[in-house]
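Side-chain atoms are counted along with the backbone in the values below, which use heavy atoms only and exclude waters and symmetry mates. Quick note on labels: first sequence line is chain A, next is B, and so on, each numbered from 1.
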Amino acid sequence: MTGNGLEQPSSPGEGGREGAEPPPGPTPREDTALPVRTFASPPSLDAARRIQRVLAARVIREDRLPRSPPQLIAGADAAYSRDGTQVYGAVAVLHCPDLCPVDVQCAERPVEFPYVPGLFAFREGPVLLDAWKQLATRPDIVILHGHGTIHPEGCGLASHLGILLDVPAIGVAERPLGTVAVTPGSARGDTTPVHIGDRVAGCAVRTRAGVREVYVSPGHRISLETAVHIVLATASRYRMPEPLRAAHRHAVECRAKTRKE
DNA sequence: GCGACAG
DNA sequence: ATCTTGTCGC
């Protein structure tokens, strides 16, 4: 699959929406809000932007967690071969609140989409979905290395995957995107809101004193407040949350094993 | 036209 | 993201 998970409108132009919406009800559990389909080829940049706008409308910025407090938190990240032709995705699942690793899966794919700020999900999303599908566990939350709603269209990698998987998702990035950098207080736990227009899209968070801030934003099915809480709860010794560190390590390890560095 | 620009 | 070793500092 190419990873966008949306069906190419077999209808010409922009046509109409889907058929009937599923009946409203309390937080769907096993249901996926959108069918995760396989694509024959990656979307064009225009198609990607179109898909992103459709997904943006489905982002839920409220807490809709399967269990709270969450018991299983996953981290997802990717690594690339040195020649940049292959991408390795890894998802690590940690138990809470001890953060003990309970599951991890990796996947490899050829890189099929360019790095375009704002369209990151189309580059790393596919391989992360591949890894996710192999999990034996069902995480309550997934943290992605990238942005959620701190995004020009309000739909970064974390929102995109959160919607496709219908799983609460959080985006944690090292730098802002489309907004000026802001500086929280110097103490761990200090935060500064990041605005996009009139909305608070996310916030800069100091996870460790004396270390650069990280940018946290809701991806899907979670509030900004809860997202920040989860990030601080999983990132104390290091700047980045532990699930993300674990995923990164495994992605790099997968690359080494595959012997295509 | 120039700069900015998640990983 | 990746190319790259050691080094200064807590």
Nearest-Å distance, [atom1] ([X]) to [atom2] ([N])?
X      : N     : atom1 : atom2 : result
A:R255 : C:dA1 : CZ    : P     : 10 Å
A:Y215 : B:dC5 : OH    : C1'   : 14 Å
A:H160 : B:dG7 : NE2   : P     : 18 Å
A:D77  : C:dT2 : CG    : P     : 9 Å
A:H151 : B:dC5 : NE2   : C1'   : 11 Å
A:E124 : B:dA6 : CD    : P     : 12 Å
A:R109 : C:dA1 : CZ    : P     : 20 Å
A:L128 : B:dA6 : CG    : P     : 17 Å

Which one, B:dA6, C:dT2, B:dG7, comes nearest to the side chain of A:A79? C:dT2
For a quick check of understanding: with a heavy-atom distance under 4.0 Å over all strands, which category does [X] fall into, base, sugar-phosphate or nothing?
X      : answer
A:G118 : base
A:H145 : sugar-phosphate
A:L144 : nothing
A:L157 : base
A:Y80  : sugar-phosphate

Answer yes or no: does a side-chain N or O of A:R82 lie under 4.0 Å from OP1 or OP2 of C:dC3? yes
Side chain to side chain donor-acceptor pair (under 3.5 Å) between A:E108 and A:Q86: does it pass, once the steps are laid out? CA-CA 7 Å; A:E108 174 189 5; A:Q86 300 294 114; 2.9 Å; yes
Determine, using ring centers only, whether A:H160 and A:F122 are less than 6.0 Å apart. yes
Under the criterion of centre distance below 5.5 Å and interplanar angle below 30°, is A:F120 classified as stacked on the base of B:dG7? no
Assess A:R245 against A:Y238: is NZ or CZ under 6.0 Å from the centre of the six-membered ring, and within 45 degrees of the ring's axis? yes
Looking only at side-chain N and O atoms, does A:D83 offer a donor or acceptor that is under 3.5 Å from a partner on A:T85? yes
Is the closest side-chain donor-acceptor distance between A:Y115 and A:E124 under 3.5 Å? no
